[in-house]
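Structure, as structure tokens:
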Amino acid sequence: MYSIGLTGGIGSGKSRVADLLGEWGAAVIDTDQIAHALTGPDGAAMPALRAAFGDRAVDARGALDRAWMRDLVFAQPAERERLQALLHPMIDTHTRQAASQARGAYVVYVVPLLVESGRWRDRVDRICVVDCDPETQVARVQARSGLTPDAIRRIMAAQAARATRLAAADDVIVNDGATTPDMLHARARRMHDRWIELAAVAGRPPGNPGHAA
């Protein structure tokens, strides 16, 4: 199946774009949702995370204590690498399983760290970046999460720079502070229609998985 790697910095609006694409017939595979399921209460990754990081990493519900882990990995980069070494293979396995069952006009992989991982360029037909200025990112994330601006900027600093993401993009959907919901809807729709045309040219029709994650 024709495939799109959709990415963007925190607060860029990539989840909203993915929701729209899904409404229009794309098969959406969100690696962040997969990660949340793996690290949720009694998630498949929790025994390994408890063994690696101790009981402090687990909250009262049996899920990953995200606030604790966030503080740890930002203070100690080696711990971030240890966390990723545990989680990424599991996320990859579940992503491949989802791709093998995907049905739709094309498949969209929503990958927050797509550019950072360096593994997706040869795994998708096109990379699309949802682009947003840093000030708007901070405002959006603060409004929805309650995190402090400093905490948000630390998260942003751990992600690829805006220029690096844009350099990797085949397509860009602008969703900056001046973008209204109607404007975002129209920009995403234009991209959706173009990808359907490209999928047809590539000879990979809807519902025919042929481009594995």
Side-chain angles (χ1 to χ4, degrees), residues 1-38 84 87-133 137 156 158-176 179 181 183-213:
M1 191 186 297
Y2 200 77
S3 57
I4 306 298
L6 184 69
T7 193
I10 186 172
S12 63
K14 60 185 174 294
S15 294
R16 177 55 185 154
V17 170
D19 288 345
L20 289 170
L21 298 175
E23 290 173 11
W24 298 328
V28 177
I29 301 173
D30 190 325
T31 61
D32 214 21
Q33 292 180 2
I34 291 172
H36 274 72
L38 289 170
Q84 292 174 343
L87 280 182
H88 284 185
M90 295 186 188
I91 295 170
D92 192 60
T93 295
H94 283 72
T95 299
R96 291 178 184 274
Q97 290 173 347
S100 71
Q101 301 170 16
R103 296 293 185 274
Y106 54 88
V107 63
V108 178
Y109 299 100
V110 186
V111 188
L113 299 181
L114 183 148
V115 174
E116 293 85 339
S117 73
R119 295 181 293 116
W120 282 90
R121 176 69 276 176
D122 296 329
R123 296 172 68 174
V124 295
D125 292 291
R126 299 184 73 81
I127 291 174
C128 179
V129 169
V130 182
D131 184 50
C132 177
D133 58 280
Q137 286 181 261
M156 292 167 60
Q159 298 181 336
R162 184 184 187 187
T164 302
R165 276 194 300 270
L166 290 173
D170 300 298
D171 302 301
V172 176
I173 297 175
V174 175
N175 186 31
D176 56 17
T179 301
M183 291 166 66
L184 180 63
H185 185 283
R187 290 167 184 169
R189 184 71 203 201
R190 284 195 296 271
M191 205 64 70
H192 167 77
D193 292 342
R194 181 168 185 241
W195 291 334
I196 288 179
E197 292 175 358
L198 291 173
V201 171
R204 273 181 265 138
N208 180 23
H211 198 92

- Task: Classify the side-chain pair Ser3/Arg126 by whether it contains a donor and acceptor separated by less than 3.5 Å.
- Result: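 Judged by distance alone, the side chains do not pair up.
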- Item | Polar contact flag, side-chain donor to acceptor under 3.5 angstrom, Trp24-Asp193 |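 No, no side-chain donor-acceptor contact under 3.5 Å.
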What is the minimum heavy-atom distance between [X] and [Y], and which atoms define it?
{"X": "Thr7", "Y": "Pro112", "value": "OG1-O, 3.1 Å"}
{"X": "Met1", "Y": "Asp125", "value": "O-OD2, 4.3 Å"}
{"X": "Ile91", "Y": "Ala35", "value": "CD1-CB, 3.7 Å"}
{"X": "Ala102", "Y": "Val107", "value": "CB-CG2, 4.4 Å"}
{"X": "Thr31", "Y": "Val111", "value": "OG1-CA, 3.5 Å"}
{"X": "Ala168", "Y": "Val115", "value": "CB-CG2, 4.0 Å"}

- Task: Report yes if the side chains of Ile34 and Asp30 come closer than 4.5 Å at any heavy-atom pair, otherwise no.
- Result: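 No, side chains not in contact.
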- Is any side-chain heavy atom of Val130 less than 4.5 Å from a side-chain heavy atom of Leu6?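 Side chain of Val130 against side chain of Leu6, heavy atoms only: contact under 4.5 Å found.
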Return the [atom1] to [atom2] distance between [X] and [Y], rounded to the nearest 0.5 Å.
{"X": "Gln159", "Y": "Ser12", "atom1": "CD", "atom2": "OG", "result": "8.5 Å"}
{"X": "Tyr106", "Y": "Leu198", "atom1": "OH", "atom2": "CG", "result": "10.5 Å"}
{"X": "His185", "Y": "His192", "atom1": "NE2", "atom2": "NE2", "result": "10.0 Å"}
{"X": "Thr95", "Y": "Met90", "atom1": "OG1", "atom2": "CE", "result": "13.0 Å"}
{"X": "Lys14", "Y": "Leu114", "atom1": "NZ", "atom2": "CG", "result": "10.5 Å"}

Ionic contact status for [Y] with [X], cut-off 4.0 Å:
{"X": "Asp131", "Y": "Arg162", "result": "yes"}
{"X": "Asp171", "Y": "Arg194", "result": "yes"}
{"X": "Arg123", "Y": "Asp92", "result": "yes"}

- Carefully, step by step, assess Ile173 and Leu184 under the rule side chain to side chain contact (heavy atoms under 4.5 Å, CB included). CA-CA 8 Å; Ile173 297 175; Leu184 180 63; 3.8 Å; yes
- Message: Assess the residue pair Gln33 and Val110 against the criterion (side chain to side chain contact (heavy atoms under 4.5 Å, CB included)); give the C-alpha distance rounded to whole Å, side-chain angles, the decisive distance to 0.1 Å, and a yes or no.
- Response: CA-CA 9 Å; Gln33 292 180 2; Val110 186; over 6 Å; no
- Message: Before you tell me yes or no, could you show the steps for Leu21 and Trp195 under side chain to side chain contact (heavy atoms under 4.5 Å, CB included), namely the whole-Å CA-CA distance, both residues' side-chain angles and the distance that decides it to 0.1 Å?
- Response: CA-CA 11 Å; Leu21 298 175; Trp195 291 334; 3.8 Å; yes
- Measure centre to centre between the rings of Tyr109 and Trp120, then say whether the value is under 6.0 Å.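 Judged by ring-centre distance (under 6.0 Å), Tyr109 and Trp120 do meet the cut-off.
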- Task: Output yes when a side-chain donor or acceptor of Arg165 lies under 3.5 Å from a complementary backbone atom of Ala160, and no otherwise.
- Result: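 A pair under 3.5 Å: yes.
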- After noting the C-alpha distance and the side-chain angles of Val124 and Ile4, does the key distance pass the side chain to side chain contact (heavy atoms under 4.5 Å, CB included) rule? CA-CA 6 Å; Val124 295; Ile4 306 298; over 6 Å; no
